[in-house]
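Inspection log for the structure reproduced underneath, given as structure tokens.
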Protein chains: 2
Amino acid sequence: MRASERAYRALREEILDGALEPGAALAEVEQANRLGVSRTPVREALARLEADGLATAASARVLQVSALDAASIVSLYELREALEGQAARLAAGRREPERFTALRKRIAGAPELLDSGDEGLRAYYGAVDALDDEIESAAANAMLGAALRSVRLHSARVRRLARHHPERLRAAASEHLLIVDSIIAGDADLAAHATHVHLHLSLRHALASIEARHPDGHRVA
Amino acid sequence: MRASERAYRALREEILDGALEPGAALAEVEQANRLGVSRTPVREALARLEADGLATAASARVLQVSALDAASIVSLYELREALEGQAARLAAGRREPERFTALRKRIAGAPELLDSGDEGLRAYYGAVDALDDEIESAAANAMLGAALRSVRLHSARVRRLARHHPERLRAAASEHLLIVDSIIAGDADLAAHATHVHLHLSLRHALASIEARHPDGHRVA
DNA sequence: CCTCACTCTTATGTATACATTCACGCACTC
DNA sequence: GAGTGCGTGAATGTATACATAAGAGTGAGG
């Protein structure tokens, strides 16, 4: 694999995991030494991270890991509502229910995975992510897909912040089930509205979960 | 200005203007020679163009100017509907009508600009762009703003393709007026729906205009 | 005559040397 | 004592040399 690709993935992973905390400086020489490559591929990786919104130029010379406070999470969900709502609407409108029949079963069985410990949790998120993939693919819109991929990066970052309440995840699974059913039924309005409902409840849970962990509500990491 | 920034702007301008046609190869050495800088800043510029969606990797080694056919224009408008609809909705919800009062007058006077030749046309688009700016700013959502800026790049590219029918532009101005009025009134639903209507009519015109110029409907440039 | 493989060309990928600019600190002046 | 200006240093910005790999062209073999 290309060194720039390795550097990008390594840095991205560390930002999503929180190993690189919000506000941490991303200096070329330092990261190049740490990752064992030269400045050139690091430079490319940092540019991609900035384009992704995971890194932000604090000034002309200093790049930092982007902040992740309550306000930016609300912003993320406002954007997700627009993009995922439209994706669900388009997917429903394409009238290809057969693409989603296998996924429907998988989502329907997801709640039971939550009793299988950490392994089950990964499987649960695997099913949810597969649904996102299929909706994006069914929407058949490359530009929308690119925007969704960016948003999903940030969503993954938020996901690691919120506690994983089995109760909430069970509810989320039934919300996803409604989304997939409305797509299968070709009901575009319902698909969009069910997505809106899901994101609303998901945001409420995320904010409460973060508030519980970081009572000030601003600096969350 | 930095060489990479100059290279990026120069290439972007040429792509938006059509001087670099869809499918044109973007080779590092060739562009570096042409722009009078070394490969390094060109490389950064090309990476940014690819992130913008203005360039596409045709294979592992060849980067091309992105295609601009009817299908990708439809995709763009599907994305615009999601993003601009949400932006208008948020802007209306923020209840800051005073931000838009001066702009309202400017938009209301826009149709008359269309009788002033090329200079007036630029002024017309200046007013429209200012509205877009203010809606983005009023939406107060950095992530949405970043997505909107990407979309507006592509919109600018499409704009140059469609003929500028004064009749259509006069109608568009009244659509914009309704959008701005609904934001001033704090009517979020109306703002979103008016945006939807505007984009629908705009897309219809763009497709018809392109079809008239390129009867096959696929390779438009 | 077609196909496959090898080589050679030419592109990109990476490392590094050099240029430039900004920031910090110290000293000098008012 | 405060403020300004210059010097020093360390960071990014750029150029270029070198490494590597993809692709085209040519040759031989079927």
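In what follows, chains are A, B, ... by sequence order, proteins preceding strands, each numbered from 1.
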Provide, to the nearest angstrom, the distance between the [atom1] atom belonging to [X] and the [atom2] atom belonging to [N].
X: Glu50(A); N: dT12(D); atom1: CD; atom2: C1'; value: 13 Å
X: Arg61(A); N: dG9(D); atom1: CZ; atom2: C1'; value: 11 Å
X: Glu28(B); N: dA22(D); atom1: CD; atom2: C1'; value: 14 Å
X: Glu30(A); N: dA11(D); atom1: CD; atom2: P; value: 9 Å

Legend entry - Enclosure of Arg204(B) CZ (heavy-atom neighbours >12, cutoff 6.0 Å): no
Backbone of [Y] reached by a side-chain donor or acceptor of [X] within 3.5 Å:
X: Asp17(B); Y: Ala19(B); answer: no
X: Ser75(B); Y: Ala71(B); answer: yes
X: Ser209(A); Y: His205(A); answer: no
X: Gln86(A); Y: Glu78(B); answer: yes
X: Ser66(B); Y: Leu54(B); answer: yes
X: Arg80(A); Y: His196(A); answer: no

Inset, instruction - Indicate whether any N or O donor in one side chain lies under 3.5 Å from an N or O acceptor in the other, for Tyr8(A) and Asp52(A). - result: yes
Inset, instruction - Mind checking Ala60(A) for me? I need base, sugar-phosphate or nothing, with any heavy atom below 4.0 Å counting as a touch. - result: nothing
Inset, instruction - With heavy atoms under 4.0 Å as the rule, sort Ser59(B) into base, sugar-phosphate or nothing. - result: sugar-phosphate
Legend entry - 4.5 Å side-chain heavy-atom contact, Leu11(A) and Arg34(A): yes
Legend entry - Distance flag, aromatic centroids of His164(A) and Tyr125(A), threshold under 6.0 Å: yes
Legend entry - Start and end of the DNA chain C segment that chain B contacts, any atom under 4.0 Å from a heavy atom: dA11(C) to dT14(C)
Legend entry - Distance-minimising heavy-atom pair for Leu103(A) and Ala127(A): CD2-O, 4.2 Å
Legend entry - Of residues 1-9 of chain A, the positions that come close to DNA chain C - non-hydrogen atoms, cut-off under 4.0 Å: Arg2(A), Ala3(A), Ser4(A)
Legend entry - Strand-adjacent residues in residues 33-46 of chain A, judged by heavy atoms under 4.0 Å from DNA chain D: Arg39(A), Arg43(A)
